[in-house]
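Quantities reported herein were computed from a predicted structural model and do not represent experimental measurements.
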Amino acid sequence: MKQRRRMTVSELVAFSTCEAQAMFDLRYGKKRSRAWRKAAREGRQAHRKYARHVAFGRGAGDPRCFIATAIFGADATETKLLREFRDSTLKKAWAGRMLISLYYRLAPAIARFCEKSPLVSAVMQRLLKGVLSSLERRK
Amino acid sequence: MTVTVALLFVFVVACAVIALIVWPNAGPDVAELCGARCVLNESTLKINHPIPLTGRVDRVWALKGGLLVITDTKRRLGGRIYVGDRVQLSAYKLLLKNTHRFRGRPIADYGYLQMTGRGKNARYVKVPLMSEDEIITRYRRAITVKADRVQPRPNPSRGLCAGCGHRQPCAAAI
């Protein structure tokens with residue numbers, strides 16, 4: 001039995017948006033305004049940029065979840081020490097869990113800001129180093 | 001111990017102050033996707049059943065519990081969701097569900113649109129997905145229209161018509 005040609009998702013979206021436009025496009029080719037074509041070109045560029053961003057391991061989660069990751073790196077000793085403190089001490093107490101959840105709510109925005117502003121990054125680094133040295137003294 | 005917690009508290013307060021300053025640019029964030037693993041990045045999927053369909057999925061994230069979440073990048077400023085967006089993400093779900101690699105894996109009945117704006121920080125908008133039956137119905141309708149068996153329905157949207165080059169023949173036909 002002959003297999004029917006697969007419909008593309010874009011085609012399905014076009015027919016769901018405006019059937020008349022989709023049919024005219026099929027018959028006479030896409031005719032759009034200059035602004036529309038420009039927006040489509042910019043959209044393709046944004047897609048490629050973000051695909052590269054994800055391919056290099058900077059996904060939706062990674063850089064924005066942990067300020068320590070953004071400042072020290074994912075596999076740095078400092079990051080590991082902070083993770084250890086989070087899992088072994090903070091998670092055990094109610095107040096600690098509240099602190100973690102608050103941190104997770106704020107961290108993505110701060111991590112992004114740290115990437116942009118060296119000043120904020122330096123302030124955060126200083127604060128985190130204070131926490132780290134206090135943790136090391138405890139050991 | 002007390003010093004550590006006090007320092008950590010200062011750190012969180014500092015974070016809160018900076019977050020308040022940068023909040024207008026940051027937009028709503030998806031805590032859910034933090035720590036998620038990207039399992040598909042700009043990949044083309046093809047299926048023959050239940051309908052012959054193909055599409056390039058932007059990204060699929062596997063959450064810690066194994067749930068798969070579909071995201072799509074849009075270069076838009078506002079957070080408005082169109083029917084086309086819902087159809088697109090739902091069609092991607094159908095593709096994933098029937099692809100050998102992801103068969104049997106749980107897929108969320110929602111997705112996210114990543115609105116990148118124009119050079120602004122990305123913000124994610126949650127999109128409820130359509131059912132599989134609805135996508136199949138839309139596919140059948142598209143096939144029928146393509147085969148000229150029924151009259152195509154125009155979308156009476158001024159915004160859509162403004163950017164369309166088929167305005168005049170379309171108005172004449174209708």
Check: Is it the case that more than 12 heavy atoms not belonging to A:Tyr28 sit under 6.0 Å from its OH atom?
Finding: no

Notebook entry, point to check: Counting heavy atoms not belonging to B:Lys146, are there more than 12 under 6.0 Å from its NZ?
Noted result: yes

Check: Is there a path from B:Val87 to A:Leu26 through hydrophobic residues (I, L, V, M, F, W, Y) whose side chains come within less than 4.5 Å of each other?
Finding: no

Note to self: Please report the interatomic distance CG(B:Leu95) to CZ(A:Arg6), rounded to the nearest 0.5 Å.
What the structure shows: 10.0 Å

Note to self: According to a hydrophobic-cluster definition based on side-chain heavy atoms being under 4.5 Å apart (Ile, Leu, Val, Met, Phe, Trp, Tyr only), do B:Val57 and B:Val39 belong together?
What the structure shows: yes

Note to self: Quick check on B:Asp148 against chain A: is it the side chain, the backbone, both or neither that has a heavy atom closer than 4.5 Å?
What the structure shows: side chain

Checklist line | B:Arg141 versus chain A, the contacting section by heavy-atom distance below 4.5 Å | finding: side chain

Notebook entry, point to check: In terms of the angle between their ring planes, are A:Phe24 and B:His166 parallel, tilted or perpendicular, with boundaries placed at 30° and 60°?
Noted result: parallel

Notebook entry, point to check: Looking at CG of A:Leu12 and CD1 of B:Ile51, how far apart are the two atoms once the value is rounded to the nearest 0.5 Å?
Noted result: 6.5 Å

Checklist line | From CZ (A:Arg5) to OG1 (B:Thr54), nearest 0.5 Å | finding: 10.0 Å

Checklist line | Closest-packed option against chain A by number of heavy-atom pairs under 4.5 Å, given B:Val83, B:Ile135, B:Val145 | finding: B:Val145

Margin query: For the CD atom of B:Gln88 and the OG atom of A:Ser16, what is their distance to the nearest 0.5 Å?
Written below: 10.5 Å

Next item on the list: Verify side-chain contact (heavy atoms from CB on, under 4.5 Å) between A:Val9 and B:Tyr92, making sure each step is shown before the conclusion.
Entry: CA-CA 8 Å; A:Val9 173; B:Tyr92 287 156; 3.9 Å; yes

Next item on the list: Please check if atom CZ in B:Arg103 has more than 12 non-hydrogen atoms from other residues, nucleotides or ligands closer than 6.0 Å.
Entry: yes

Item checked: Region of A:Met23 in contact with chain B, defined by heavy-atom distances below 4.5 Å -> side chain

Check: What option among B:Thr71, B:Asp72, B:Asp85, B:Ile47 has the most heavy-atom pairs under 4.5 Å with chain A?
Finding: B:Ile47

Check: Ignoring hydrogens and geometry, is there a side-chain-to-backbone donor-acceptor pair from A:Glu19 to B:Pro152 under 3.5 Å?
Finding: no

Notebook entry, point to check: For the hydrophobic clusters of this structure (ILVMFWY residues joined by side-chain heavy atoms under 4.5 Å, transitively), does one cluster hold both B:Met130 and B:Val60?
Noted result: yes

Notebook entry, point to check: Is chain B contacted by the side chain of A:Arg27, its backbone, both, or neither, given a heavy-atom distance below 4.5 Å?
Noted result: side chain

